[in-house]
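Single-structure report; data block below.
To find a chain, count down the sequence lines: A is the first, B the second, and so on, and within it residues start at 1. Keep in mind the model is a prediction, meaning the values are calculated, not measured. Worth knowing before you read on, the calculation uses all heavy atoms, side chains too, and leaves out hydrogens, waters and symmetry mates.
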Amino acid sequence: MVGRSFIREIRKNSALFALLLPAFVIVLVNNYIPMLGSFIAFKDIKYTKPGFIQNLIASPWVGFKNFEFLFKSNAAFIITRNTILYNVLFMVLGTVLAVLLAILLNEVTGKRKAKLYQNLTFIPYFISYVAVAYLVYAFLSFNYGLANHGILKVFGIAEIDWYSSKQYWPLILTIIVMWKWTGYNAVVYLAGITGINSEYFEAAQIDGASKMQQIRYITLPFLAPFIIIMNLLALGRIFYSDFGLFFQTTMNIGALYDTTLVIDTYVYNSLAVTGELGMASAAGFYQAVVGLVLVLTSNFVVKKLDRDSALF
Amino acid sequence: MAATLRPPGAISRKAEFVIHIFFVLYCLVCILPIALVLIISFTDEGSIMRNGYSFFPESLNLNAYRFVLSDTAAIFRSYSVSGIVTLSGTLFGVLLTAAYAYPLSRNDFAYRKFFAFFIAFTMLFNGGLVPWYILYVKGLVIKNTYLALILPQVVNGFYVIILRTFMQHNIPKEVVESAKLDGAGEFRIFFQIALRLAMPGLATVALFLSLSYWNDWYNALLFIDQKKMFPLQYLMYKVNASIDVLNTSSFVSNTADTVRPSESARMAMAILGIGPIIMIYPFLQRYLVKGLTVGAVKG
């Protein structure tokens with residue numbers, strides 16, 4: 001019987017179970033109870049009673065009403081579109097730039113210079129999005145920003161009210177993400193490049209291959225599995241966004257929502273700003289379920305390509 | 001021939017020069033935004049009003065910092081909240097992560113597959129923000145407490161898996177078995193042998209944890225509304241929205257300007273927030289690059 005052998009195992013390895021236990025309990029509370037709690041997406045949560053559990057039980061079931069509201073509103077389309085398009089854009093451009101940077105870093109002659117360049121390009125990774133919001137503001141502030149005062153004015157172009165002009169934000173957000181992550185991502189690819197056996201390059205040089213040919217026929221083919229797997233894993237996360245990016249740097253300004261609102265920020269706004277618990281939990285549930293399907297699919301594909309790189 | 005002096009396979013001098021130019025420019029792109037904020041924080045408010053933000057301001061002074069720091073209490077509190085959260089969160093986080101990862105790394109532990117799945121599943125699926133928020137606020141009732149800032153990040157599935165893999169590769173089975181034969185109990189093996197052998201892995205997890213605790217503002221956004229519990233990053237966020245979050249009534253300008261230095265003060269606040277990270281940056285970066293490679297070890 002499973003039960004009995006489990007108990008025997010606990011007796012035998014009680015110390016190992018004791019080590020597991022604290023983190024196990026925390027994960028249970030932190031992750032699993034909210035998973036069970038996702039049923040509230042099918043309820044109309046009201047706080048009328050004093051107790052926490054009583055309220056959850058007492059709130060009436062409403063079936064798919066919350067989802068109906070969500071998908072009848074324009075919001076569902078906008079946030080899904082924005083989330084997916086931004087993620088695709090960041091994946092494609094991010095990979096190209098990170099691989100390019102890694103290849104260039106690998107070609108830098110002089111160890112100390114290479115180290116210095118790597119260290120400096122890594123800095124943006126350490127800056128929190130709250131701080132990034134300040135950096136962005138220093139450039140885009142209407143009254144004092146460098147973009148309006150240092151650049152547009154000099155060329156005699158009319159100043160732009162960046163924080164109410166939604167059309168510029170896809171570009172602005174892309175620049176921010178590339179600025180913050182390229183140095184970090186390049187490290188991963190650089191590790192891949194330095195792992196290539198140098199005999200391949202030596203043989204190619206003897207055969208008279210140019211640097212470009214070596215990159216084209218040795219470096220890139222070797223990096224291909226890395227690139228594919230990193231992107232497939234990112235594909236599994238395509239329904240999730242970096243909350244800090246979309247919340248902080250846009251300062252959560254409503255006039256920009258058309259091009260900046262993503263599922264994560266929508267859920268937060270519905271919960272904390274407008275207090276629409278039903279919409280918030282429905283959107284959260286939608287994200288979690290579609291996200292799970294996507295991550296399982298991409299993991300399945302990764303596993304087919306390279307067993308070791310799969311998540312599970 | 002000069003070319004023969006160069007190592008075989010090296011790129012031409014011209015290409016080398018182009019690459020160096022590229023990196024100088026790219027490094028400037030990485031640093032200049034931070035430099036701009038630093039310069040603005042020292043810029044005289046009057047010259048901001050006249051010329052906007054600039055890399056080359058007319059006049060510099062310390063008014064912005066005197067203004068921000070006139071609310072000594074708030075700044076000091078925020079530093080200490082962030083410090084306490086970062087230190088205790090990292091310490092508990094590393095211990096909990098290691099204690100969970102170690103049994104998973106042991107081939108003779110029968111239920112390791114189940115417990116590995118239990119933790120890995122949290123990376124794939126979550127209940128969403130709302131049930132989690134309700135649990136914290138109405139269930140555990142930990143609004144405005146340190147617990148609300150520490151608990152969310154303290155056990156991270158990704159770090160558990162990284163550390164398990166690291167332990168599998170770096171704690172030889174023979175060492176554990178011979179320690180057992182010598183009469184050491186499991187706890188002793190964990191604390192005295194496993195933790196020591198896993199040190200580089202622990203350091204990596206500690207580094208990532210401390211960075212994410214120090215830079216955290218999201219949990220404060222959700223669970224903190226009392227000013228005395230604001231972590232530094234959250235105070236920065238609040239100041240960006242409105243400088244009036246700071247109680248600066250005791251500030252007296254020491255220049256002819258009578259305007260409040262609110263534009264430069266914003267940026268001074270940003271520098272106070274970024275400063276500690278930049279200062280320990282050389283140390284951090286060396287270990288993080290190593291850490292990324294630790295994470296790359298496949299299991």
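- The candidate from B:Phe92, B:Phe55, B:Phe121 with the greatest count of non-hydrogen atom pairs under 4.5 Å with chain A is B:Phe121.
- For A:Tyr117 and B:Tyr26, the ring centers are positioned 6.0 Å apart or more.
- Looking at B:Ile277, the atoms closer than 4.5 Å to chain A (heavy atoms on both sides) all sit in the side chain, from C-beta outward.
- Between B:Leu211 and A:Tyr125, some side-chain heavy-atom pair lies under the 4.5 Å cut-off.
- Heavy atoms closer than 4.5 Å to chain B are found in both the backbone and the side chain of A:Val29.
- Heavy atoms closer than 4.5 Å to chain A are found in the side chain of B:Met269, but not in its backbone.
- For B:Asp108, the part lying near chain A is the backbone, with the side chain staying farther off; criterion is any non-hydrogen pair under 4.5 Å.
- Heavy atoms closer than 4.5 Å to chain B are found in the side chain of A:Ile26, but not in its backbone.
- Looking at B:Leu222, only its side chain comes within 4.5 Å of chain A, counting heavy atoms on both sides.
- Only the side chain of B:Ile40 comes within less than 4.5 Å of a heavy atom in chain A; its backbone stays farther off.
- Both the backbone and the side chain of B:Trp132 come within contact range of chain A, each with at least one heavy atom under 4.5 Å from a heavy atom of that chain.
- Neither the backbone nor the side chain of B:Val160 has a heavy atom closer than 4.5 Å to any heavy atom of chain A.
- Cation-pi check for A:Lys180 over A:Tyr129 is met; the charged atom lies under 6.0 angstrom from the ring centroid and within 45 degrees of its normal.
- With a 4.5 angstrom heavy-atom cutoff, A:Tyr240 touches chain B only via side-chain atoms.
- At a 4.5 Å heavy-atom cutoff, the contact between A:Pro124 and chain B is made by side-chain atoms alone.
- Looking at B:Phe115, the atoms closer than 4.5 Å to chain A (heavy atoms on both sides) all sit in the side chain, from C-beta outward.
- For B:Ile271, no part lies near chain A; criterion is any non-hydrogen pair under 4.5 Å.
- Interface remark: A:Ile33 contributes side-chain atoms only to the contact with chain B (heavy atom separation under 4.5 Å).
- With a 4.5 Å cut-off on non-hydrogen atoms, B:Tyr234 does not touch chain A at all.
- Under a 3.5 Å cut-off, the side chain of A:Thr194 and the backbone N or O of A:Leu190 do form a donor-acceptor pair.
- B:Phe118 touches chain A through backbone and side chain together, each having a heavy atom under 4.5 Å away.
- With a 4.5 angstrom heavy-atom cutoff, B:Val37 touches chain A only via side-chain atoms.
- If you measure heavy-atom distances from B:Phe22 to chain A, the contacts under 4.5 Å come from the side chain alone.
- Among A:Phe139, A:Tyr32, A:Phe201, A:Phe285, the residue making the largest number of heavy-atom pairs under 4.5 Å with chain B is A:Tyr32.
- Side chains of B:Asn126 and A:Asn31: no donor on one and acceptor on the other come within 3.5 Å.
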